[in-house]
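Comments concern the structure below.
For the numbers below, each heavy atom of this structure counts, side chains included, while hydrogens, waters and symmetry mates do not. In what follows, residues are counted from 1 in the order of the sequence shown. All values reported here derive from a predicted model rather than from experimental measurement.
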Amino acid sequence: MARTPTGESVLARAVRVLDAFTADEPSLTVGEVARRSGLHVATASRLVTELAAHGLLERTADRRVRVGVRLWELGARASPTLDLREAAMPFLEDVHAVVGHHVQLGVLDGADVLFLERLTARDAVVNFSRIAGRLPLPTSSSGVVLLAHAPHELQEQVLAAPLRPVTPAGFGSPARLRAALAEVRRSSAAVLDGHQHPAATGVAVPVRDSEGRVVASLSVIVPNDGRGTALVPLLLATALGITRVLGRPAGSLPTPPRRGD
């Protein structure tokens with residue numbers, strides 16, 4: 001593979017360009033791409049042009065750059081989480097019909113929870129997550145569930161790093177977070193009142209594969225009115241249904257029975 005005079009491959013630089021885009025800022029100027037990727041503007045401009053020629057990036061009418069449809073297509077086609085999302089989606093729809101607010105599916109990615117899917121409603125309570133968006137593990141119910149079942153090394157890494165709670169209700173000390181992780185392992189659920197926004201409660205449970213490994217978190221974001229804990233049995237039953245579907249042979253993912261069927 002071709003390398004630059006600094007020894008870095010062209011592919012590595014292209015990845016740095018793609019990494020400049022985030023869920024909060026999906027379109028950037030070439031100058032912003034250069035600054036975020038740490039590349040010279042001329043280098044960033046050349047890479048943007050080449051990536052756009054292959055459909056991986058595209059230019060907008062106002063001379064900005066955004067991720068191209070082909071990159072989304074390739075990612076969706078190759079994603080190892082595709083079967084998980086397909087198995088979970090009918091169940092998420094059922095929970096959403098009951099709850100009427102946000103229902104989410106998240107997976108562990110480094111020290112973050114990455115959201116694969118989110119269903120919402122027009123008048124739903126405030127929620128800062130989004131599809132393909134990330135949140136630090138200690139700041140959300142989804143993240144705390146995933147962290148509670150993560151490898152010990154990752155748990156200690158997160159506990160040793162500075163904790164940055166989003167609201168005063170969040171985990172501001174390692175001792176509080178460690179106790180919360182132990183409670184999640186005991187109860188198989190996290191109920192966090194006001195950790196992302198004072199008006200919202202996050203309720204999450206683990207989703208396991210057929211061998212018992214935690215592969216995702218299933219969560220709802222509902223009003224912070226003290227009733228979040230009452231949703232735990234619904235989420236645990238839903239997670240069990242997803243687990244059963246994941247254990248079936250590939251290509252035989254049935255739709256679960258709908259209410260009233």
So, do R16 and E8 sit near enough that their side-chain heavy atoms are less than 4.5 Å apart?
yes
Distance-minimising heavy-atom pair for Q196 and F128
O-CE1, 3.2 Å
Transitive ILVMFWY side-chain link V113 to V205, under 4.5 Å:
no
Can you tell me if Q155 uses its side chain to pair, donor with acceptor, with the backbone of A150 under 3.5 Å?
yes
Side chain of H195, backbone of T139: donor and acceptor closer than 3.5 Å?
no
When you check the side-chain N and O atoms of R64 and S27, is any donor under 3.5 Å from an acceptor?
yes
Would you say that L39 contacts R13 through its side chain, given a criterion of any heavy-atom pair below 4.5 Å between the two side chains?
yes
What's the shortest heavy-atom distance between L154 and G110, and which atoms?
CD2-O, 3.5 Å
Looking at CG of L147 and CG of L108, how far apart are the two atoms once the value is rounded to the nearest 0.5 Å?
8.0 Å
Do V215 and R208 come close enough that some side-chain heavy atom pair is under 4.5 Å?
no
M89 and V98: same hydrophobic cluster, using ILVMFWY side-chain contacts below 4.5 Å?
yes
Show me the donor-acceptor pairs within less than 3.5 Å that the side chains of residues 232-239 make with the rest of the protein, sequence neighbours left out.
from: T238; atom 1: OG1; to: L234; atom 2: O; distance (Å): 2.8

For N127, give me all partners under side chain to side chain contact (heavy atoms under 4.5 Å, CB included), at least two apart in sequence or on another chain.
H102, Q104, R118, S129, I221
Within a strict 4.5 Å, meaning less than it, do heavy atoms of the L57 and F21 side chains meet?
yes
Which donor-acceptor pairs under 3.5 Å do the side chains of residues 43-51 make with protein atoms, sequence neighbours left out?
from: T49; atom 1: OG1; to: S45; atom 2: O; distance (Å): 3.0
from: T49; atom 1: OG1; to: R59; atom 2: NH2; distance (Å): 3.1

Exceeds 12 heavy-atom contacts within 6.0 angstrom, atom CG of D225:
yes
Report yes or no: do L218 and V245 belong to one cluster of Ile/Leu/Val/Met/Phe/Trp/Tyr joined by side chain heavy-atom distances under 4.5 Å?
yes
Residues two or more places apart in sequence or in another chain: which of them pass side chain to side chain contact (heavy atoms under 4.5 Å, CB included) with L71?
L18, L56, V67
Check G228 against T201 and note the closest heavy-atom contact, atom names and distance.
CA-CG2, 4.4 Å
Please check: side-chain N/O of D209 versus main-chain N/O of R213, any donor-acceptor pairing under 3.5 Å?
yes
Would you check if E117 and V103 make a side-chain contact, meaning some heavy-atom pair closer than 4.5 Å?
no
Any carboxylate oxygen within less than 4.0 angstrom of a Lys/Arg side-chain nitrogen, looking at E73 and R70?
no
Distance col, row L116:CG vs I131:CD1, nearest 0.5 angstrom, shows 9.0 Å
Rounded to the nearest 0.5 Å, how far does CG of D193 lie from CG of N224?
4.5 Å
Might you work through the side-chain contact (heavy atoms from CB on, under 4.5 Å) test for R130 and F115, ending with a clear yes or no?
CA-CA 7 Å; R130 63 189 69 187; F115 292 97; over 6 Å; no
Is any side-chain N of the basic residue among E25 and R66 closer than 4.0 Å to the acidic one's carboxylate O?
no
Between CZ on residue F91 and CD1 on residue I242, distance to nearest 0.5 Å
6.5 Å
Mark yes when over 12 heavy atoms from residues, nucleotides or ligands other than R185 sit less than 6.0 Å from its CZ; otherwise mark no.
yes
CG of D19 to OG of S37: how many Å apart, nearest 0.5 Å?
9.5 Å
Taking all heavy atoms of L146 and all of A216, pick out the closest pair and write down the distance.
CD2-C, 3.7 Å
Show, in sequence, the C-alpha distance, side-chain angles and deciding distance for V222 and R227, and conclude whether the side-chain contact (heavy atoms from CB on, under 4.5 Å) test is met.
CA-CA 9 Å; V222 294; R227 294 185 289 180; over 6 Å; no
Test side-chain contact (heavy atoms from CB on, under 4.5 Å) applied to T120 and H101, step by step
CA-CA 6 Å; T120 188; H101 287 272; over 6 Å; no
Please tell me whether V107 and L181 are part of a single hydrophobic cluster in this structure, the criterion being side-chain heavy atoms less than 4.5 Å apart.
no
Atom of L28, atom of A20 and distance for their closest heavy-atom approach:
CD1-O, 3.5 Å
For residues 156-179, which side-chain donor-acceptor pairs fall under 3.5 Å, sequence neighbours excluded?
from: E156; atom 1: OE1; to: R178; atom 2: NH2; distance (Å): 3.4
from: E156; atom 1: OE2; to: R178; atom 2: NH1; distance (Å): 3.1
from: T167; atom 1: OG1; to: A169; atom 2: N; distance (Å): 3.3
from: T167; atom 1: OG1; to: G194; atom 2: O; distance (Å): 2.5
from: S173; atom 1: OG; to: R176; atom 2: N; distance (Å): 3.2
from: R176; atom 1: NH1; to: G170; atom 2: O; distance (Å): 2.7
from: R176; atom 1: NH2; to: A169; atom 2: O; distance (Å): 3.3

Residues forming a side chain to side chain contact (heavy atoms under 4.5 Å, CB included) with A190, sequence neighbours excluded
S141, V144, V145, V184
Does one hydrophobic cluster hold both L246 and L92, with members joined at side-chain heavy-atom distances below 4.5 Å?
yes
Look only at the side chain of R134 and the backbone of L114, and say whether a donor-acceptor pair between them is shorter than 3.5 Å.
no
Checking V203 against T229 for the side-chain contact (heavy atoms from CB on, under 4.5 Å) test, could you report, in this order, the C-alpha distance in whole Å, the side-chain angles of both residues, the deciding distance, and whether it holds?
CA-CA 7 Å; V203 186; T229 302; over 6 Å; no
